[in-house]
Amino acid sequence: MSFYHRMGEVPKKRHTTFYKPNGELFREQVMGTKGFSGIQSILYHHNPPTQVRATRKFADVTPEFVEQDDLKHQHFKTFDVRPGGDPIGGRRYLLGNHDVLMGVCAPTEPMDYFYRNADGDEVVFVHEGEGELQTIFGTLTYQPGDYLVIPIGTTYRIVPSVQSRFLVIESQNEIVPPKRYRNEHGQLLEHSPFCERDIRLPERLETHVESGEFEVRVKRQSVVYSYLFDFHPLDVVGWDGYLYPYALSIHDFEPITGRIHQPPPVHQTFAGKNFVICSFVPRLYDYHPQSIPAPYFHSNVESDEVLYYVKGNFMSRKGIYEGSITLHPMGIPHGPHPGKIEGSIGKKETSELAVMLDTFQPLKVTRQALEVEDGAYMTSWLPPSE
């Protein structure tokens, strides 16, 4: 989110001397995107961030994509994915391509290390649970319905205070609010379904000066590397700039409605390279006297459509549960299940809550996804048997 913010102590001028009380220099780090032409922030550390004791390859986390014999709609029951691991190691990737990965995580173990994604931005959607996102930019508390947007290169850890469940979207590039909602200065416009007041920035900056052995795991090109430091990695005394993590609650997304059915772009919340993320939230239905609130059948011939169902009654679907993921691939039409069009006529509102990922390159399915697939989904549009 590109507006200026500052936390903690910073010198009056950048790239100038900034001393600790003991006379030593704080260590300045410029953290930016697109070389030096994108947004950036400047952080001031107690220790040089380059001072690494040891490094090694930790794990290859390349998703195991499978070749499928047919082109079909698919339904994956993610609540059937076995919980386990920590908030990073417990991620189970289900879908992906060269631009984006989607997975779920229901961690049962704490993170005893810190993490940094060096490939791109992340969006962690909180389906269940509460806790903290602790980062070099400060700490954000999270709760159900939060999108946690974490920029590339951010050192962080997720600390649940109660059992949590996440939907994770990892990009190979930046994730930003849609361009049509921003003016030339980056400010969100009046017709945007959310504004800067809805954005939650880090609430407090906790500067750690402990020494010891601390691990930071860095992901680069689907390989995780381990780095050992003699000091706590969250040793920042202050920072300022335009690059930082933030939270946006799906409950603060204000739906755009109309007299007749509105297409999916009105639900768009974020944009990445070759994909968008949308929010389906409780809203009033269309108010034309002859409107059909259920969506029309459509062929997304240049887009794969993925829906993650959070809660409520999704008005165009049957046989869908909390945590369900449906994949409707490009090239074949999809739409409401039998009876859902007729059943929507005359309805005034919906209570559905869902997150949608639309990609403009085909998605591949992982072996882990097939383990929780509902094999009958493709035939669920057939008329009920006598």
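Below, each value reflects all heavy atoms present in this structure, side chains not excepted, and no hydrogens, waters or symmetry copies.
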How far apart are the closest heavy atoms of [X] and [Y], and which atoms are they?
| X | Y | result |
| --- | --- | --- |
| Ala247 | Leu148 | CB-CD2, 3.9 Å |
| Val236 | Thr207 | O-OG1, 2.7 Å |
| Val100 | Ile169 | CG2-CG2, 3.5 Å |
| Ser291 | Arg259 | CB-O, 3.6 Å |
| Ala354 | Leu307 | CB-CD2, 4.1 Å |

Do any N or O atoms from the side chain of [X] and from the backbone of [Y] form a donor-acceptor pair under 3.5 angstrom?
| X | Y | result |
| --- | --- | --- |
| Glu28 | His15 | yes |
| His127 | Phe166 | no |
| Gln163 | Pro107 | yes |
| Asp304 | Met330 | yes |
| Ser164 | Val162 | yes |
| Asp374 | Phe76 | no |
| His73 | Pro333 | yes |
| Ser161 | Val159 | no |
| Ser344 | Ile292 | no |
| Asp286 | His288 | no |

Is it the case that the side chains of [Y] and [X] hold a donor-acceptor pair, with the cut-off being a distance below 3.5 Å and no angle test?
| X | Y | value |
| --- | --- | --- |
| Ser380 | His337 | yes |
| His46 | Asp235 | no |
| His185 | Gln187 | no |
| Glu132 | Thr139 | no |
| Glu122 | Asn117 | yes |
| Glu305 | His334 | yes |
| Gln29 | His45 | yes |
| Glu349 | Tyr285 | no |
| Gln268 | Arg180 | yes |
| Thr135 | Tyr244 | no |
| Ser226 | Tyr113 | no |

For Lys20, the salt bridge (charged side-chain N to carboxylate O under 4.0 Å, His left out) test, sequence neighbours excluded, returns Glu24

[X] [atom1] to [Y] [atom2] distance, which is reported to the nearest 0.5 Å:
| X | Y | atom1 | atom2 | answer |
| --- | --- | --- | --- | --- |
| Ile175 | Ile277 | CD1 | CD1 | 5.0 Å |
| Asn97 | Asn274 | CG | CG | 8.0 Å |
| Leu234 | Phe137 | CG | CZ | 11.0 Å |
| Tyr147 | Thr269 | OH | OG1 | 4.5 Å |
| Thr33 | Tyr242 | OG1 | OH | 13.0 Å |
| Met31 | Ile42 | CE | CD1 | 12.5 Å |

Is the shortest side-chain heavy-atom distance between Tyr44 and Phe18 below 4.5 Å? yes

Ile88 and Arg217: CA distance, side-chain angles, deciding distance, side-chain contact (heavy atoms from CB on, under 4.5 Å) verdict: CA-CA 10 Å; Ile88 303 298; Arg217 296 178 188 172; over 6 Å; no

Could you go through Val218 and Phe58, starting from their C-alpha distance and side-chain angles, then the distance that decides it, and tell me whether this counts as side-chain contact (heavy atoms from CB on, under 4.5 Å)? CA-CA 9 Å; Val218 179; Phe58 180 78; over 6 Å; no

Can you tell me if [X] has over 12 outside heavy atoms packed within less than 6.0 Å of its [atom1]?
| X | atom1 | result |
| --- | --- | --- |
| Glu302 | CD | no |
| Glu210 | CD | yes |
| Ile260 | CD1 | no |
| Arg197 | CZ | no |
| Asn22 | CG | yes |
| Tyr4 | OH | yes |

Measure up the Tyr321 and His75 rings against each other and bin them: parallel (under 30°), tilted (30 to 60°), perpendicular (over 60°). parallel

Parallel, tilted or perpendicular: ring planes of Tyr377 versus Trp381, cut at 30 and 60 degrees: perpendicular

Electrostatic pair Lys34-Glu174, nearest N-O below 4.0 angstrom: yes

Derivation and outcome, side-chain contact (heavy atoms from CB on, under 4.5 Å), residues Val30 and Arg14: CA-CA 10 Å; Val30 177; Arg14 58 186 175 176; over 6 Å; no

How would you list, by chain and number, every residue that makes a side-chain contact (heavy atoms from CB on, under 4.5 Å) with Thr62, sequence neighbours excluded? Asp60, Ser222

Does the Lys NZ or Arg CZ of Arg283 fall within the cation-pi geometry relative to Phe253 - under 6.0 Å from the ring centre and within 45° of the axis? no

Applying the side-chain contact (heavy atoms from CB on, under 4.5 Å) criterion to Tyr93, which one of Glu170, Arg367, Met102 satisfies it? Glu170

Would Glu322 and Arg165 satisfy salt bridge (Lys or Arg N to Asp or Glu O under 4.0 Å), going step by step from the backbone distance to the final call? CA-CA 12 Å; Glu322 278 195 40; Arg165 184 183 296 272; over 6 Å; no

Determine whether Leu357 and Val355 satisfy the following criterion, side-chain contact (heavy atoms from CB on, under 4.5 Å), listing intermediate values before the conclusion. CA-CA 7 Å; Leu357 174 70; Val355 176; over 6 Å; no

